[in-house]
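The structure appears below as structure tokens.
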Amino acid sequence: MTNNIQVTRKNPAYHLKDIQHYYGNTKVLDIDDLKIEKGSITGLIGPNGSGKSTLLKLLAFAQKPTLGQIFYKGRLELPFSSSIRSKITLLTQKPYLLKRTVFENIVYGLKIRKEKNNLEKRVAEALLNVGLDYQDFATRFWHELSGGEAQRVAMAARLILKPEVLLLDEPIASVDIESAGLIRQASLNARKNWGTTLVIASHDLQWLYSICDHQLSIFKGNIFSTGVENIITGPFEKSDQKTLIKKLEDGQIITLNAPSQTASTAIIRKKNICLALEKQSGNGHINQLSGHITSMLLEKKSETIVAAISVHDLSLIVLLSPDQINRLDLYPGKKVILYFHSHDVEWI
Amino acid sequence: MTNNIQVTRKNPAYHLKDIQHYYGNTKVLDIDDLKIEKGSITGLIGPNGSGKSTLLKLLAFAQKPTLGQIFYKGRLELPFSSSIRSKITLLTQKPYLLKRTVFENIVYGLKIRKEKNNLEKRVAEALLNVGLDYQDFATRFWHELSGGEAQRVAMAARLILKPEVLLLDEPIASVDIESAGLIRQASLNARKNWGTTLVIASHDLQWLYSICDHQLSIFKGNIFSTGVENIITGPFEKSDQKTLIKKLEDGQIITLNAPSQTASTAIIRKKNICLALEKQSGNGHINQLSGHITSMLLEKKSETIVAAISVHDLSLIVLLSPDQINRLDLYPGKKVILYFHSHDVEWI
Amino acid sequence: MDFIVAGFIKAIELLISGDRATWTAVWATIKVSTGSMLLSLGAGLPCGFVLGYFDFKGKKHLRTILDTMLALPTVFIGLAVYAFISRQGPLGELGLLFTLTGIAIGQTILAFPIVTAITATTIENIDHDLKLTLVSLGAGRRNIIATCLWEVRYGILAAAVTAYGRVLTEVGISMMVGGNIKYHTRTITTAIALETNKGLFADGIALGLVLIMIAFIVNLSLSFLRKQ
Amino acid sequence: MDFIVAGFIKAIELLISGDRATWTAVWATIKVSTGSMLLSLGAGLPCGFVLGYFDFKGKKHLRTILDTMLALPTVFIGLAVYAFISRQGPLGELGLLFTLTGIAIGQTILAFPIVTAITATTIENIDHDLKLTLVSLGAGRRNIIATCLWEVRYGILAAAVTAYGRVLTEVGISMMVGGNIKYHTRTITTAIALETNKGLFADGIALGLVLIMIAFIVNLSLSFLRKQ
Amino acid sequence: AQDNSLMMATTTSTDNTGLLDYLIPHFEKQTDIVLKWTSTGTGKALKLGQNCDVDVLLVHAPSAEKKFIEKGYGKDRRQIMYNDFIIIGPANDPAGVKGKSISDVLITIKSRQALFMSRGDDSGTHKKEKQLWQESNIPLPDKENWYVQTGQGMLATINVAQEKEGYTMTDRGTYIKYQSYKGGNAPLKILVEGDSILLNQYSVLTLDPRNCANAKYDLALQFSDWMASQNGQDLIRDFKLLGQKLFIPNAK
Ligand SMILES: Nc1ncnc2c1ncn2[C@@H]1O[C@H](COP(=O)(O)OP(=O)(O)OP(=O)(O)O)[C@@H](O)[C@H]1O
Ligand SMILES: Nc1ncnc2c1ncn2[C@@H]1O[C@H](COP(=O)(O)OP(=O)(O)OP(=O)(O)O)[C@@H](O)[C@H]1O
Ligand SMILES: [Mg+2]
Ligand SMILES: [Mg+2]
């Protein structure tokens with residue numbers, strides 16, 4: 001049973017226009033224009049409080065944005081619209097299990113949709129997809145589960161719906177490694193078998209890289225569509241009119257071109273950072289930071305390797321090729337030097 | 001203010017004897033004998049439902065084990081004993097914030113201990129330790145936080161108590177990378193400044209390796225004190241009287257010596273697995289599995305590198321030295337062969 | 001003191017002997033309290049849901065009014081209902097005065113604020129995550145109401161049981177609207193009031209015990225709904 | 001119908017003119033209801049906590065009994081209290097018959113099951129994580145009780161407000177134990193009963209409005225405790 | 001309680017008509033005794049006396065009173081005053097009882113199955129009514145549909161009679177009040193009055209100290225004496241409700 005998924009650029013699954021969302025007087029989301037393609041898997045990356053969950057709630061039409069419009073398949077939609085209600089489902093960050101058995105939790109969505117056939121078989125399948133045994137778990141009560149088991153039951157309750165859009169808010173936050181793999185597989189299968197569009201927020205970059213077509217990076221409510229980038233937060237000191245510096249506690253200094261408007265956070269794109277083994281004599285505009293590699297992960301899609309470099313208490317990310325790794329003899333623990341130009345900075 | 005921490009092997013912080021814990025008729029914890037040293041940082045690793053949270057609740061004296069005894073600093077203790085109540089604190093897996101402001105949530109434990117001095121300063125410090133700004137967060141209400149912010153507030157509420165024992169149940173489950181670093185630092189500082197003993201459960205091995213003195217691996221309620229090991233779950237097929245085999249979907253086969261008693265899960269210790277680039281002609285008792293490296297992490301304490309190898313849908317872990325990496329030109333993505341002898345298996 | 005002991009014996013006698021006056025009063029009580037409970041639950045649960053679930057302007061004031069309605073004296077309700085359904089009242093045509101239906105209407109007014117207030121409070125305490133979860137699973141408005149009420153079923157049960165206790169024991173409305181007419185609108189409580197006024201304290205106690213027995217049977221059957 | 005309008009006017013008159021009988025009844029009502037609320041909260045909150053927080057054998061049966069106690073008729077309570085404090089009763093020496101203290105005791109028995117049952121249900125619904133969190137932060141038994149009750153304060157408030165409504169409007173106990181003695185134990189509700197008995201329906205309505213006004217003022221001041 | 005306070009149980013009629021509110025301040029002024037009273041049904045008033053919860057009784061049920069004394073609960077029954085009962089009904093008198101003798105009235109009502117409201121509460125009034133049926137040789141029509149037992153006070157019963165357009169027996173004082181509420185144009189009119197059997201005798205009873213040692217026998221006697229005194233009797237005679245005399249003093 002293979003479906004033919006057509007991804008037309010003209011009519012994306014989602015189109016967000018001039019979205020702003022406020023809690024009280026605080027703006028937590030500010031998105032000019034964002035399109036999410038049908039059948040794509042989008043990763044959502046960003047620090048705590050950057051607005052991931054808020055964005056997912058908007059995409060689920062569980063909340064109305066304070067300002068702006070959200071089009072789903074070209075149509076402007078609002079919460080509770082019946083045309084979307086049964087198609088889009090969200091796994092919330094703190095999934096709530098109904099005070100019922102696991103079985104009844106999982107079939108809840110089906111019952112709402114008045115589907116009553118083969119419930120047992122479908123539940124068994126959904127549980128299997130998240131690595132739980134039907135015999136062992138179906139009759140348990142909501143409170144008789146460990147944290148990760150509860151999370152996976154909630155995931156099963158979403159998978160059973162075969163949704164058009166599956167929004168996952170930290171689906172593997174308390175899930176073990178093996179189950180994380182299962183959830184990845186289930187997500188990929190959803191796209192393959194049902195053409196599901198997925199948006200997934202997670203702090204586990206390695207896992208996210210292994211599943212997404214592309215990443216959106218979100219910071220303070222602003223979206224960067226290039227995936228994860230290096231963020232350097234203040235405080236900065238003024239060195240002269242045109243430059244700011246950040247002093248690390250171990251004495252190293254980062255020099256950056258000052259922003260034109262007031263801004264407090266610097267973004268240095270990973271593509272602008274190079275890596276070498278030794279310091280070179282350079283001019284003052286080039287930052288040279290020494291640190292060591294803490295991890296090297298495979299980004300499946302591009303077959304490139306993402307390395308995390310610890311520079312005192314900063315953690316910076318660079319892209320490496322297998323070639324480079326062999327040439328420089330890189331491995332986790334190896335000391336390296338990072339280079340980037342002080343004008344290669346964006347401020348927000 | 002440096003304390004002199006004496007770690008005496010004779011009188012460990014915890015001593016668990018013949019602990020068994022049941023939920024209903026199901027045994028979820030079975031620990032013959034376990035000692036945790038004063039001032040140590042112990043990692044707790046294991047799949048969902050293996051019993052980590054249960055063990056931490058027992059260590060926190062928040063629950064009584066069904067059978068067995070727990071000694072704290074040589075004394076048999078029970079829940080609500082006043083001698084330990086104010087010394088041991090647990091960050092639960094789903095931290096509950098009281099329906100109050102962030103400030104009041106954080107000082108709650110202090111108020112119980114009738115401490116009333118310098119509350120503001122101490123709260124500001126605790127918030128800073130988890131990367132939250134006092135001005136921005138202190139007056140917020142419990143529901144005005146993102147998932148990760150809430151988690152960090154709960155952490156701050158534990159740190160402010162300067163406990164003798166700090167038990168952390170998945171402290172970074174929904175926390176961003178930078179904050180995970182802060183929490184690591186705060187944990188290390190707790191040990192350094194107050195001599196705190198820490199036990200930390202987490203699925204993020206990289207993070208856990210970077211902080212722990214040693215790891216306890218827990219599986220189906222059984223403790224392995226060697227840290228994380230490779231677990232191969234059934235179903236297995238019987239090949240002959242003495243061997244079981246597991247067939248991977250890609251056709252590869254794992255052969256294992258059969259257990260003497262009934263057992264369903266195989267453990268292959270990482271120290272018993274070797275890695276090479278090419279298959280060798282060997283006897284049938286040596287497993288040769290081909291896979292590729294997905295990640296390489298630095299284990300800080302030992303300066304060794306933990307590599308995760310994906311063998312079809314299994315993920316196996318081996319230890320590597322920098323030397324080995326250079327010699328074999330290893331990098332994430334590289335195809336490798338894993339070797340282990342079929343008798344190097346333990347069954348549980 | 002002895003009349004309490006005498007009351008116990010009398011209670012058994014009354015029930016066993018099948019005393020007609022007692023049994024008609026028991027019937028009247030059961031009918032009227034069942035009717036008013038059905039009405040007040042039917043109206044109170046949705047109102048309580050709305051008041052607890054949604055945030056809207058003036059909600060707090062509405063709550064204060066509702067809480068005040070918890071203190072409507074039964075005689076007052078009785079008088080007000082009487083004013084409407086007495087022959088000279090606007091609804092006099094319906095002939096509801098001195099009927100069990102009339103009493104049930106009054107008791108519904110009595111029970112409604114109890115059901116509504118407790119339901120609202122219970123719904124208010126619902127985890128915010130529940131709402132989000134329901135919406136995210138595709139629940140429509142009706143599903144949300146039904147599921148939320150079911151999630152807090154113990155709270156709802158408490159609301160119902162409290163209201164039932166109130167309805168079962170009230171005298172003012174039954175007396176004023178029903179008229180305490182023997183064999184017709186005499187309920188157990190009005191009978192108790194009468195016997196007590198006659199100085200027949202033992203009879204009052206006996207009838208009180210009969211009422212408590214009804215409540216006990218009802219609660220015993222409801223207890224299967226409780227958390228195990 | 002007209003007596004309802006007349007009642008409104010009369011209510012204002014009564015209060016403005018400072019009618020002594022009315023004001024002593026208002027005082028008696030406030031004193032006695034405050035007393036019984038304090039007693040029933042003092043006893044009911046801890047009992048409700050225990051019943052809701054802990055699991056023990058026979059808990060379900062206890063709940064059924066408690067729910068049945070919600071249906072104790074006021075006259076029944078009145079008679080039972082009378083039996084004890086009548087001059088020939090075991091507590092006759094204390095001279096509590098025909099006193100406000102006597103009424104308050106009876107009303108405490110009336111309010112106790114309401115406070116306890118609703119508190120227990122509210123506590124039962126507490127997130128299991130809260131308990132664990134409190135223990136893990138080093139809370140002792142007292143801290144746990146206090147914090148849990150405070151976490152569910154809106155539920156407790158509902159319990160208190162419901163019980164208050166019940167106490168404020170009851171007649172049976174006040175009548176039986178207090179004796180409706182003018183200037184002494186006459187409460188607003190017994191006064192309403194009296195006026196209504198006399199056929200002075202407008203006066204009954206007026207006094208009812210006075211009672212509702214008391215409840216309104218109390219609830220208005222409590223509304224600051226509510227969720228904003 | 002202070003020593004000079006006296007607790008009385010009385011029937012609702014003395015209280016509801018306002019007689020006590022008028023009389024007692026005079027008594028208190030002249031004797032320095034503080035009198036408190038609780039007004040209830042006659043049955044309960046006697047019960048309170050039997051249980052020694054009060055010190056003195058003012059009631060109107062002669063035969064019950066006599067039994068009360070016989071049983072050793074009470075003493076010193078002293079007749080104080082009387083008023084009378086009347087039978088009222090719809091102005092058009094559907095059963096045609098107006099002016100008949102009491103037993104004829106009751107027989108007519110029974111044979112015509114006209115609605116008759118009984119208080120059915122064992123009050124003095126109800127006892128009198130039962131006595132009338134008995135003396136007319138009619139068994140108490142307890143289970144008849146036309147015999148409506150309200151189990152309530154007099155005014156409530158009159159109201160039921162008015163709503164249902166039936167007959168009832170009432171004391172004159174309550175009827176006068178009822179009439180005044182209706183602005184003198186009450187739907188129910190007096191149809192039968194004046195028969196000597198309709199007299200309603202009020203008496204004061206003290207409690208037998210052998211049964212109730214704690215009861216304030218002396219003060220009770222003082223009250224009884226005062227009620228029977230010239231002064232007390234004059235005050236009773238002067239008490240008017242809506243311009244009409246209610247009670248006729250007849251102390252000996
Ligand atoms: N109910 C609320 N009232 C006020 N502020 C809120 C509320 N909910 C969230 N916020 C704030 O809005 C911002 C965005 O929150 P959101 O939950 O979307 O973050 P997130 O990216 O999902 O973070 P996390 O990784 O911690 O889950 C945060 O700064 C948070 O403090
Ligand atoms: N209240 C309960 N009743 C019955 N079984 C329970 C209960 N709580 C937990 N369990 C079971 O006990 C086992 C251990 O649970 P525990 O919460 O300790 O696991 P864990 O290692 O913390 O898992 P996770 O990584 O998912 O948090 C699991 O199999 C779980 O299903
Ligand atoms: Mg979030
Ligand atoms: Mg856990």
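Since this is a predicted model, take the numbers as computed values, not measurements. Below, chains carry the letters A, B, ... as their sequence lines are ordered, and counting in each starts from 1.
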Within the structure provided, determine whether E:N159 and C:M176 are in side-chain contact (heavy-atom separation under 4.5 Å).
no
Legend entry - Atom NZ of E:K127: over 12 foreign heavy atoms under 6.0 Å: yes
Honestly, the part of E:Q162 sitting under 4.5 Å from a heavy atom of chain C is both
Between the OG1 atom in C:T196 and the NZ atom in E:K47, the distance rounded to the nearest 0.5 Å is 11.0 Å
Answer yes or no: are there more than 12 heavy-atom neighbours, outside E:K130 itself, under 6.0 Å from its atom NZ?
-> yes
* Asked: Does a side-chain heavy-atom distance below 4.5 Å link C:K182 with E:D142?
  -> yes
Open item on the list: So for atom CG, which belongs to E:N92, do other residues, nucleotides or ligands contribute more than 12 heavy atoms lying within a distance under 6.0 Å?
Closed with: yes
Taking everything shown except C:K10 itself, do over 12 heavy atoms lie less than 6.0 Å from its NZ?
no
Okay, C:I181 and chain E: the region with an atom under 4.5 Å from a heavy atom over there is both
If you tally heavy-atom pairs under 4.5 Å between each of C:N180, C:L97, C:L194 and chain E, the highest tally belongs to C:N180
For C:R186 and E:Q149, the nearest pair of non-hydrogen atoms, with its separation, is NH2-O, 3.3 Å
What one should report as the nearest heavy-atom pair of E:E163 and C:S86 is OE2-CB, 3.4 Å
Tell me if the NZ atom of E:K71 is crowded by more than 12 foreign heavy atoms within 6.0 Å. no
Yes or no on side chain to side chain contact (heavy atoms under 4.5 Å, CB included) for E:Q152 and C:N197, after CA distance, side-chain angles and deciding distance? CA-CA 9 Å; E:Q152 294 193 74; C:N197 234 355; over 6 Å; no
Applying a strict 4.5 Å limit to non-hydrogen atoms, the region of E:K44 in contact with chain C is both
Greatest number of non-hydrogen atom pairs under 4.5 angstrom with chain C, of E:A156, E:G120, E:S118, E:A45, falls to E:G120
Pair count under 4.5 Å, heavy atoms only, with chain C: among E:T42, E:T40, E:V160, highest is E:V160
Max heavy-atom pairs within cutoff under 4.5 Å with chain C, candidates E:N51, E:D122, E:T150, goes to E:T150
- Look at atom CD of E:Q131 and say whether more than 12 heavy atoms of other residues, nucleotides or ligands are closer to it than 6.0 Å. yes
